[in-house]
Amino acid sequence: MGAAQAALGAGRLDEAERLCKLVLDQIPVFPPATFFLAMISARRGHVDQAIARFKTVIELEPNAFEAVEWLANLLRDQKRFDESLALCERMIQLRPGHPSGPSAAGLCYIEMEMPLKALKSMQLAVEFAPDSPATHFLLARTLEQLLRIDDAASEYKKAIELAPKEAVFHDSLGKLLFQNDRKSESIEYLRKGVELTPSLGGLAMLANALKHEGDYEGAVACYRQALRLDPKVAVTHDLIANALQVLGRFREADDHFLKAIELDPTLASAYLGITKAKQFGPSDRLFVTNLEALIADDSRSQEELRSLRYALGKAFDDLGEYEKAITNFDQANQLSFQTERKGVPFDLVGHRKWIDAQIETFTKSFFEKNRDLGSQSETPVFIVGMIRSGTTLVEQILSSHRDVGEAGELTFWTQPERTTLIRKLIVDDFPGQELKSSITEYLELLDKAAHGFARVTDKMPLNYMTLGLIHLLFPKARIIHCRRSPIDTCLSMYMTPFASAAEFCYNRESIVAGYREYLRLMEHWRAILPAESFMEMDYESLIADREKVMREIVSFCGLGWDDSCLHHEQNERAVRTPSRWQVRQPVYGTSVEKWRHYEPWLREFKALLPG
């Protein structure tokens, strides 16, 4: 038996099994040998055999605590919860004050989705063993299921204090923080987890957290480490390729996209990724044929078909086959409406009421009355406009200036907290302290994104919806409104696969309605915002005479001219928007009046034609 135990401990299961059977040949009723055989069966995945053997041990020795514990856990894994809980009660009777019984019961309740009972059991386990990292870890899991996020984080931290080298504790806390919008805080724990035990899942989550913080170089490093662990995971190649595109390293990105497709010829996201930074020509017909074959496969999910339709639409657009292109974009938008909007239509009535309320609230007299409330900072530069109106290009050019940093598309002003502030202002409930807190938070956010610059751009296009609040809090901030041909703008919106989009996207009528409401609101801002704070720039003018327009913008921002603005394609900043490839090319005019290629198929968009 001593030799069998040693063999079992070393993982030599065949040897351990042979020795146990040798013992039982001489002594047919010998519980320790049967117990070891049950453990061997469990480790081999022979669950029914293991359960039968553990039951035999318990029949022979009813007080065999380890056998009861093993059997309780096996039965829980088999979803035989009532039997498992009965054994947990026996464990508690056999060893009062020992944490294993309540811990095992708590795990049962977690799987049974009875978190309150699980909590009671796990708290008892911690009471019995306050210095056990495992009990704190299990209590944290239970609190997480109850959505008691701060309490769960606290218990994970206690587990880490007791066992700082357990990777799973760091991973779990990092994941909890990441999934609850505490991504910057999650990085420390996710990083430690992969340092202790590198895993594909841990590295992917760390990369996501780093991307959220704008550290795409760090994300690329994570993906490279993941590829060293397993170079044959197609999704990892797809992810690193997307990150490399953001950094402007398109050739390297293409290599990884192609490797992803080689490893998984059905990976729709890789096909879409390639189309984002490629101009298709006659030599790419095989690529188009492959896309068409994938779309014809009935096993493709809606999400996959969405990516493939956008990819094929882009390829046909490049090839000048516009009817085929618009047919694919129509189908891509129909799929997007289901997958991204969940079939929920645009609430035009509610949207109009929201705009009406802002127009009524934010007036010249309102700003005059509250002129001393806001910050005197001139750091923020807001680049706003309808989606696909040229905001990314303006930021790319402006952030090439030596005195201008960029923060990308910050969601600060479109978050529910700011919407709540606007609602309070609309009903004349003046939230003074909350407004001051927003000023501080936003300036800290800009400083974190681009420290030390005289100006920092925020190019969230949809900030046009919150310019009243923005001007109230930052009356000296510059606002640049990017305008573009309405029909080109809306058609471009229709042809773009957004990661997340405005609620009026994916439907032609909704896009037109949303655009008209945008025009109505911008007409109001144009009338009430002072000239020193608000300027408008036409995309077509920028394309026609970049230097003239950019000199006007730079002057408007209160800065001296910098020739670097004429070489924006050399700007190495990360670009996370769908325009990541276009803005790294020299200025070109092929997007001006692009709608003419699609004139026979415009339908609802014709309402936006001039005249």
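Nothing here was measured: the structure is a model prediction, and the numbers come from that model.
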Mind checking whether Pro380 and Leu446 have side chains closer than 4.5 Å, heavy atoms only? yes
Is Glu252 salt-bridged to Arg224, cutoff N-O under 4.0 Å? yes
Below 4.5 Å, heavy atoms only, C-beta onward: do Cys505 and Met493 meet side chain to side chain? yes
Do the side chain of Asn463 and the main chain of Lys459 share a donor and acceptor less than 3.5 angstrom apart? no
State whether the side chain of Asp230 and the backbone N or O of Ala226 hold a donor-acceptor pair below 3.5 Å, judged by distance alone. no
Out of curiosity, Thr457 OG1 to Glu409 CD, how far, rounded to the nearest 0.5 Å? 10.5 Å
Scan residues 428-449 for pairs that pass ring-ring contact (aromatic ring centres under 6.0 Å, His included), counting only residues two or more places apart or in two chains. Phe382-Tyr442, Phe412-Tyr442, Trp413-Tyr442, Tyr442-Phe474
Before you tell me yes or no, could you show the steps for Asp77 and Val47 under side-chain contact (heavy atoms from CB on, under 4.5 Å), namely the whole-Å CA-CA distance, both residues' side-chain angles and the distance that decides it to 0.1 Å? CA-CA 10 Å; Asp77 291 342; Val47 178; over 6 Å; no
Distance-only, no hydrogens or angles: does the Arg43 side chain make a donor-acceptor pair with backbone N or O of Leu8 under 3.5 Å? yes
Distance, nearest 0.5 Å, that separates CZ of Arg341 from OG of Ser510: 8.0 Å
Before you tell me yes or no, could you show the steps for Ile295 and Arg300 under side-chain contact (heavy atoms from CB on, under 4.5 Å), namely the whole-Å CA-CA distance, both residues' side-chain angles and the distance that decides it to 0.1 Å? CA-CA 7 Å; Ile295 287 171; Arg300 300 273 73 81; over 6 Å; no
Taking Ser84 for the side chain and Phe81 for the main chain, is one N or O donor matched with an acceptor at less than 3.5 Å? no
The complete set of ring-ring contact (aromatic ring centres under 6.0 Å, His included) pairs with one or both residues in residues 164-186, sequence neighbours excluded, reads Phe137-Phe169
Non-hydrogen atoms of Ala125 and Thr135 that approach each other most closely: O-CG2, 3.9 Å
Begin with the C-alpha distance, continue with both residues' side-chain angles, and end with the deciding distance and a verdict on salt bridge (charged side-chain N to carboxylate O under 4.0 Å, His left out) for Arg306 and Glu303. CA-CA 5 Å; Arg306 172 185 184 268; Glu303 288 79 5; over 6 Å; no
Treating Gln358 as the side-chain partner and Met465 as the backbone partner, does any N or O pair qualify as donor plus acceptor under 3.5 Å? yes
Can you find a heavy atom in the side chain of Leu263 that is under 4.5 Å from one in the side chain of Val233? no
Under 6.0 Å from the CG atom of Asp428, do we count more than 12 heavy atoms belonging to anything else shown? no
Is Tyr271 reaching over with its side chain to a backbone N or O of Pro265, donor-acceptor style, under 3.5 angstrom? yes
Donor-acceptor contact below 3.5 Å, side chain Ser199 vs main chain Gly202: yes
Go through the steps to decide whether Glu144 and Lys175 satisfy the test salt bridge (charged side-chain N to carboxylate O under 4.0 Å, His left out), and finish with yes or no. CA-CA 11 Å; Glu144 185 175 353; Lys175 182 179 179 181; over 6 Å; no
Verdict with reasoning, Val126 to His136, per side-chain contact (heavy atoms from CB on, under 4.5 Å): CA-CA 6 Å; Val126 169; His136 287 285; 3.6 Å; yes
Between Glu66 and Arg95, does any side-chain N to carboxylate O distance fall below 4.0 Å? yes
Under the criterion salt bridge (charged side-chain N to carboxylate O under 4.0 Å, His left out), I'd like the reasoning laid out for Lys353 against Asp347: C-alpha separation, chi angles, the key distance, then a yes or no. CA-CA 10 Å; Lys353 288 181 178 178; Asp347 180 10; over 6 Å; no
Distance-minimising heavy-atom pair for Cys20 and Ala4: SG-CB, 3.9 Å
Check for a donor-acceptor pair, side chain of Gln245 on one end and backbone N or O of Lys276 on the other, with a separation under 3.5 Å. no
Under the ring pair (Phe, Tyr, Trp, His ring centres under 6.0 Å) rule, collect the residues that match up with Phe65, sequence neighbours excluded. His98
Between His237 and Pro231 (side chain of the first, backbone of the second, donor and acceptor by atom type, cut-off under 3.5 Å), is there such a pair? yes
Any chance you could measure Asn73, atom CG, to Cys108, atom SG, to the nearest 0.5 Å? 8.0 Å
Should we say atom NZ of Lys192 is surrounded by more than 12 heavy atoms from elsewhere, each under 6.0 Å from it? no
What one should report as the nearest heavy-atom pair of Gly101 and Cys88 is O-CB, 3.9 Å
Under a 3.5 Å threshold, yes or no: a donor from one side chain and an acceptor from the other, between Gln225 and Arg228? no
First locate atom CG of Leu147, then atom CD1 of Ile149, and finally report the distance between them rounded to the nearest 0.5 Å. 5.5 Å
Give the C-alpha distance, both sets of side-chain angles, the deciding distance and a yes or no for side-chain contact (heavy atoms from CB on, under 4.5 Å) between Asp447 and Glu444. CA-CA 5 Å; Asp447 187 63; Glu444 289 175 352; 5.6 Å; no
Do NZ/NE/NH1/NH2 and the carboxylate oxygens of Asp82 and Arg80 come within less than 4.0 Å? no
Report yes if the side chains of His351 and Glu503 come closer than 4.5 Å at any heavy-atom pair, otherwise no. yes
Please walk me through it: do Glu161 and Lys157 pass salt bridge (charged side-chain N to carboxylate O under 4.0 Å, His left out)? CA-CA 6 Å; Glu161 288 172 10; Lys157 287 175 181 177; over 6 Å; no
With a 6.0 Å cut-off (strictly less than), is the heavy-atom count around CZ of Arg76, excluding the residue itself, greater than 12? yes
Indicate yes or no: does Glu17 engage Lys21 in a salt bridge with an N to O separation below 4.0 Å. yes
Between Glu111 and Lys79, does at least one N-O distance fall below 4.0 Å, as a salt bridge requires? yes
Count the heavy atoms of every other residue, nucleotide or ligand shown that sit under 6.0 Å from CD of Glu441, and state whether that count exceeds 12. yes
Considering all heavy atoms of both residues, which atom of Leu107 and which atom of Leu138 are nearest to each other, and what is their separation? CD2-CD2, 3.6 Å
Main-chain N/O of Val168 paired with Glu166 side-chain donor or acceptor, under 3.5 Å: no
